[in-house]
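Heads up, the thing below is written out as structure tokens.
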Amino acid sequence: MKTRSQSNTLPQLGELELGLLRALWDTPGRDAKSLQNDLPDALKSSLNTVQSALERLHRKALIKRSKLGRAYVYRAELSRGEFLGKLIGRVITQVHSGSMTPILSGFVDFAHDIDHQSLDELERLIGERRGKQTEPTQTGEPSKAIAPNRGDTL
């Protein structure tokens, strides 16, 4: 039986499914044929295979579809940032041992390994989050934190 934390995580995704999600984040509202035509060479598949992968993504509640004529048009259910947040959450849930220090340290190391701009962006997002949580409003009450706009790369 699945625990609550496991049931709230993202389902496993294959490379084709992830490629289709990327395409839908870049250009929402596309049909299977359009998506098939724009797949990278490493993911080239028959139209039937693409349609099957889209059906799996729909059943996993990662995309929504609407009928347009005789074809379905697909859109991602989650933004790229929301998806990444859930993906990271799943990994943290699987390896978390109580202390957040190793997880945070690993995240900072990863950001540093990408480039210094990523580390600077991480620092900016932390400052933005802290500022929004502690900034008093004109009424003197603390303002509510708003989630920062997550990056759109995956």
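All residue numbers in this chain count up from 1 along the given sequence. Any value given below was found using the heavy atoms of this structure, including those in side chains, with hydrogens, waters and symmetry copies removed. Just so we're clear, the structure is a prediction, and the values are computed from it rather than from any experiment.
- Under the 4.5 Å side-chain heavy-atom criterion for grouping Ile, Leu, Val, Met, Phe, Trp and Tyr, V91 is not connected to L84 through any hydrophobic cluster.
- The side-chain heavy atoms of L24 and L57, taken from C-beta on, include no pair separated by under 4.5 Å.
- There is a path of hydrophobic side-chain contacts, each under 4.5 Å, that joins I126 to F107.
- The shortest side-chain heavy-atom distance between I114 and L119 does not fall under the 4.5 Å cut-off.
- For the pair Q36 and N48, the minimum side-chain heavy-atom distance is 4.5 Å or more.
- Here L20 contributes atom CG and L43 contributes atom CG; the two are 8.0 Å apart, rounded to the nearest 0.5 Å.
- Contact between A111 and S118 at its shortest, heavy atoms only, is O-CB, 3.5 Å.
- Residues D38 and R30 meet the side-chain proximity criterion, which asks for heavy atoms closer than 4.5 Å.
- At a threshold of 4.5 Å between non-hydrogen side-chain atoms, the residues L39 and L16 count as touching.
- To the nearest 0.5 Å, atoms CD (Q12) and NZ (K60) are separated by 8.0 Å.
- H112 pairs by the ring pair (Phe, Tyr, Trp, His ring centres under 6.0 Å) definition with H116, not counting sequence neighbours.
- In the hydrophobic cluster analysis, where Ile, Leu, Val, Met, Phe, Trp and Tyr join through side-chain heavy atoms closer than 4.5 angstrom, I92 is grouped apart from L13.
- Here D113 pairs with nothing under the side-chain contact (heavy atoms from CB on, under 4.5 Å) rule; sequence neighbours left out.
- L87 and F110 fall into different hydrophobic clusters, where Ile, Leu, Val, Met, Phe, Trp and Tyr side chains are chained together by heavy-atom contacts under 4.5 Å.
- Using a 4.0 Å cut-off between a side-chain N of Lys or Arg and a carboxylate O of Asp or Glu, E82 and K86 do not qualify as a salt bridge.
- In this structure, D31 CG and L54 CG are separated by 9.5 Å, a value rounded to the nearest 0.5 Å.
- S34 and N37 share no side-chain donor-acceptor pair at under 3.5 Å.
- Between M100 and I103 there is a side-chain heavy-atom pair separated by less than 4.5 Å.
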Distance-only criterion, 3.5 Å: show the donor-acceptor pairs between side-chain atoms of residues 63-78 and protein atoms not counting sequence neighbours.
unit_1 : atom_1 : unit_2 : atom_2 : d
R65    : NE     : H58    : NE2    : 3.3
R65    : NH1    : E55    : OE1    : 2.6

